[in-house]
Amino acid sequence: MHLQDAQLLRNLNPEQLAAVTLPAEPALILAGAGSGKTRVLTTRIAWLLATNQVSPGGVLAVTFTNKAAKEMLTRLGTMLPFAVRGMWIGTFHGLCNRLLRAHWKAAGLPQSFQILDSADQLSAVKRVVKAMNLDEERFVPKQVAWFIAGQKEEGRRPAAVEAFDEHTRKLVQVYEAYEEQCRREGVVDFAELMLRSYELLRDDDALREHYRRRFGHVLVDEFQDTNRLQYAWLKMFAPPGAQGQGVFAVGDDDQSIYAFRGARVGNMADFEREYRVKSVIKLEQNYRSFGNILDAANALIAHNSQRLGKNLRTDAGPGEPIRVQEAPSDYAEAQWLLEEARELHRGGLARSEIAVLYRSNAQSRVIESALFNAGIPYRVYGGLRFFERAEVKHALAYLRLLENLDDDTSFLRVVNFPARGIGARSIEQLQDAARASGRSLAQSVGAVPGKAGINLQGFVHKLDAMRSATQGLTLREIIEHVVHESGLLDFYRTEKEGQDRIENLQELVNAAESFVTQEGFGKDAVALPLDEHGPGTLAGGGEAPLPAPDAETGEIVSPLAAFLTHASLEAGDNQAQAGTDAVQLMTVHSAKGLEFDAVFITGIEEGLFPHEQSLSDADGVEEERRLMYVAITRARKRLYLSFSQTRMLHGQTRYNVKSRFFDELPEGALKWLTPRQQGFGSGYAREYRQAWDRGQGLSGIVGAGRVERAEPWQQPVPFTPKAPPAPAGQAPLRTGQAVFHTKFGEGVVVTLEGSGEDARAQVRFGRHGVKWLLLAMAKLTPIE
């Protein structure tokens with residue numbers, strides 16, 4: 001062996017060395033989490049090149065992300081003394097594009113064919129649906145696009161699709177028309193890149209044989225994430241039974257978590273069988289985590305029946321035990337989490353090395369709120385903060401229009417969302433009319449002629465109807481009504497991955513309920529702005545209590561107005577700028593491939609993790625268990641697991657059962673921060689909840705010796721209702737009188753009502769609009 005070859009192999013463990021130096025034959029490498037998978041893959045390529053077993057042009061290496069492909073090329077550049085530009089290293093779609101560019105004529109494409117992104121594809125589908133005079137409510141363009149993509153990913157052209165009913169037959173016709181439109185315009189979508197290149201190789205014998213001879217070594221990363229078509233595409237380059245061809249498949253069936261995207265974990269077992277794989281090498285030496293973390297991961301995943309099997313190990317020792325926290329509520333869970341994060345940071349750990357994982361996107365809202373209120377910088381990895389998510393912003397826009405119909409920004413956001421036949425040209429006409437008259441968009445809808453004007457007026461009438469229907473309702477009830485009546489819920493039910501968005505809308509209800517409680521508004525406080533009739537009437541009859549006034553200005557702020565202000569502030573602050581040291585928040589799916597010194601896995605409860613949608617079949621539960629395995633193996637040094645006895649759902653409290661996954665973890669690796677219960681929700685947990693409800697936190701239990709001390713997060717949050725001070729001297733006012741306010745400037749009194757401490761005035765200010773003010777606090781100065 002040459003010195004250079006020895007240098008390449010010198011720091012490999014025995015399993016890695018065996019994988020890197022395999023002969024040119026089909027091989028399956030089961031690479032556990034943190035086992036040096038990327039290193040093995042790149043070293044394998046470098047070793048093949050350095051030992052002259054293949055030229056750079058004879059290597060085909062497929063990854064799933066551009067980042068992974070770039071990392072492989074960078075590493076190879078440092079390992080080898082010569083250029084590696086001739087290699088085909090890239091993503092499935094990137095390599096398919098490269099193949100089709102080289103053989104565009106044989107593939108039946110124009111030389112300069114363009115690629116449609118998802119937005120362009122949706123636009124193309126809409127044109128087809130419109131041209132066929134189909135009802136968009138029955139043939140929703142997004143659903144049609146998913147249907148087409150799903151058929152292509154299964155390798156099916158329209159003629160091969162089985163239509164069992166009239167609706168599916170019509171979808172197949174749309175698929176045919178869409179293909180014809182794409183052919184006419186010389187464009188392809190992402191799914192077409194894969195399918196067209198597969199068909200090119202399948203049908204062109206000479207071309208297929210050329211590439212089989214060229215690529216003596218085919219290497220595949222993340223093999224567990226391949227779908228049917230991707231596996232079939234790989235077989236075009238290296239078919240089962242081919243002599244002298246190396247197929248090097250690297251993956252981890254225990255980390256297959258993308259079934260919802262079409263990934264097929266069974267491809268690994270099929271590969272082993274079809275290629276009659278002699279060499280199955282397990283990379284079980286973990287270089288990331290301590291022993292207790294790996295013991296938990298191994299014990300958990302052993303409960304899955306459909307796996308090839310491996311067991312992670314480490315030389316780093318057991319490390320710290322896994323800390324388990326049982327909280328009385330999701331809010332208490334978030335408070336505990338931020339206190340622990342603070343202590344970790346005080347102990348020298350960078351915030352960027354602290355990750356908070358959750359199963360569902362909607363769970364981030366409570367955690368974000370706690371971090372925001374505590375002034376701890378955070379970053380939502382691979383997604384948006386709660387109040388920045390599109391569906392939440394749409395709902396808030398509708399709510400702002402209930403508060404102020406002249407809010408043009410909110411008007412433009414939702415005037416045609418969900419779609420109601422108001423196009424860009426109509427909106428442009430409306431904006432021109434508003435500018436000409438100096439009025440708001442809502443006030444100008446009557447100036448737009450024809451059908452467009454009718455649709456715009458219909459939208460304003462819809463808002464008026466929602467506002468009227470929600471008079472006297474609580475904030476939670478208003479949001480529930482608006483989310484439903486706006487059509488947002490129905491719209492997201494038609495989306496392929498709309499469940500996450502629906503959960504976020506439901507979480508907005510929870511956010512409102514929490515806000516009303518924490519800000520001291522009465523349970524039945526009127527949530528809409530006061531009108532000329534004063535406080536308003538409750539849905540069940542009787543007068544609604546007056547909202548609390550602002551302590552500084554005396555303005556009577558409704559819960560809705562206050563909540564919208566809170567949402568704007570939280571959306572605009574505390575998201576860490578690039579380069580800022582910040583706590584990392586993400587879903588477990590987003591965390592795959594990442595690692596952190598300290599990891600919190602939150603909300604580990606039945607119905608949440610494992611998710612309730614997975615509980616109906618064994619395959620679903622096994623995928624959830626793989627997801628939990630991925631979450632556990634993100635931690636290097638310290639791992640926290642938490643669950644709560646109660647969690648807000650749809651603005652109401654839901655009582656939870658801890659996840660079955662706790663029963664599958666080794667007891668010796670766990671350290672319960674709260675006393676372990678024989679039965680969930682009994683004993684200590686019951687006393688804890690009772691003490692919390694009494695406003696005592698743990699003080700009622702600490703003295704009994706059940707707990708050594710009460711942590712800061714375990715203390716009750718004091719909720720002090722706002723109350724106006726005693727009336728001060730106030731000059732008499734009259735309707736129509738001009739007045740001056742220190743914050744809002746000059747205004748005119750519109751209405752006066754009440755007496756003594758409850759005396760209030762409705763005042764129209766120029767720039768600030770109409771406001772209700774409590775006279776005892778507002779200190780209005782009459783202007784004669």
Side-chain angles (χ1 to χ4, degrees), residues 399-408 410-411 434 437-444 446 460 463-464 467-468 470-472 475 478 519-522 524-538 542-565 568 721-784:
L399 293 169
R400 288 192 175 97
L401 289 170
L402 295 194
E403 177 77 17
N404 175 19
L405 191 55
D406 297 331
D407 182 344
D408 285 354
S410 295
F411 190 96
S437 64
R439 298 188 300 172
S440 71
L441 297 175
Q443 292 171 333
S444 306
V460 173
L463 293 172
D464 289 339
R467 192 180 196 283
S468 177
T470 50
Q471 288 290 340
L475 181 57
I478 287 177
E519 291 300 308
F521 289 105
D524 295 317
V526 173
L528 278 175
L530 300 173
D531 57 18
E532 65 271 19
H533 303 299
T537 305
L538 287 171
E543 188 177 88
L546 193 70
D550 181 270
E552 181 182 351
T553 66
E555 181 184 3
I556 302 175
V557 183
S558 72
L560 176 59
F563 177 66
L564 291 172
T565 299
S568 297
K722 301 173 182 175
Q730 175 72 53
L733 298 175
R734 65 181 185 278
T735 302
Q737 182 171 28
V739 292
F740 176 80
H741 187 279
T742 55
K743 179 176 179 181
F744 305 128
E746 293 187 10
V748 177
V749 176
V750 177
T751 307
L752 289 167
E753 63 177 44
S755 60
E757 292 185 7
D758 291 332
R760 50 195 178 268
Q762 188 185 43
V763 182
R764 184 182 302 279
F765 295 98
R767 188 163 60 88
H768 295 279
V770 178
K771 295 187 179 294
W772 278 95
L773 302 175
L774 193 70
L775 296 181
M777 300 176 68
K779 296 184 174 59
L780 292 173
T781 304
I783 300 175
E784 297 301 334

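Note that the coordinates shown come from a computational prediction; the quantities given were computed from them, not determined experimentally. Residue numbers count from 1 along this sequence. All values below were derived from every heavy atom in this structure, side-chain atoms included, with hydrogens, water molecules and symmetry-related copies excluded.
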**Request:** Please name the pair of heavy atoms, one in Leu475 and one in Pro559, separated by the smallest distance, quoted to 0.1 Å.
**Result:** CD2-O, 4.0 Å

**Request:** To the nearest 0.5 angstrom, please state how far the CD atom of Glu746 sits from the CD1 atom of Ile783.
**Result:** 4.0 Å

**Item:** From CG (Leu775) to CG (Leu733), nearest 0.5 Å
**Value:** 6.0 Å

**Prompt:** Which heavy atom of Ala761 sits nearest a heavy atom of Leu752, and at what distance?
**Reply:** CB-CD2, 3.6 Å

**Message:** Would you say that Gln443 contacts Asp406 through its side chain, given a criterion of any heavy-atom pair below 4.5 Å between the two side chains?
**Reply:** yes

**His741 vs Val763 side-chain heavy atoms within contact, under 4.5 Å** = no

**Message:** So, using side-chain hydrogen bond (donor to acceptor under 3.5 Å, both in side chains) as the criterion, who are the partners of Asp464 when residues are at least two apart?
**Reply:** none

**Asked** Between CZ of Arg400 and CG of Leu564, what distance do you get to the nearest 0.5 Å?
**Response** 5.5 Å

**Prompt:** How many angstroms lie between atom CZ of Phe411 and atom CG of Leu405, to the nearest 0.5 angstrom?
**Reply:** 7.0 Å

**Asked** Looking at residues at least two apart in the chain, or sitting in another chain, which of them share a side-chain contact (heavy atoms from CB on, under 4.5 Å) with Asp408?
**Response** Ser440, Leu441

**Asked** What distance do Asn404 atom CG and Leu399 atom CG have between them, rounded to the nearest 0.5 Å?
**Response** 13.0 Å

**Request:** Only counting residues at least two apart or in another chain, list the ones meeting side-chain hydrogen bond (donor to acceptor under 3.5 Å, both in side chains) with Ser444.
**Result:** none

**Message:** Nearest 0.5 angstrom please: Leu402 CG to Asp407 CG, how far?
**Reply:** 11.0 Å

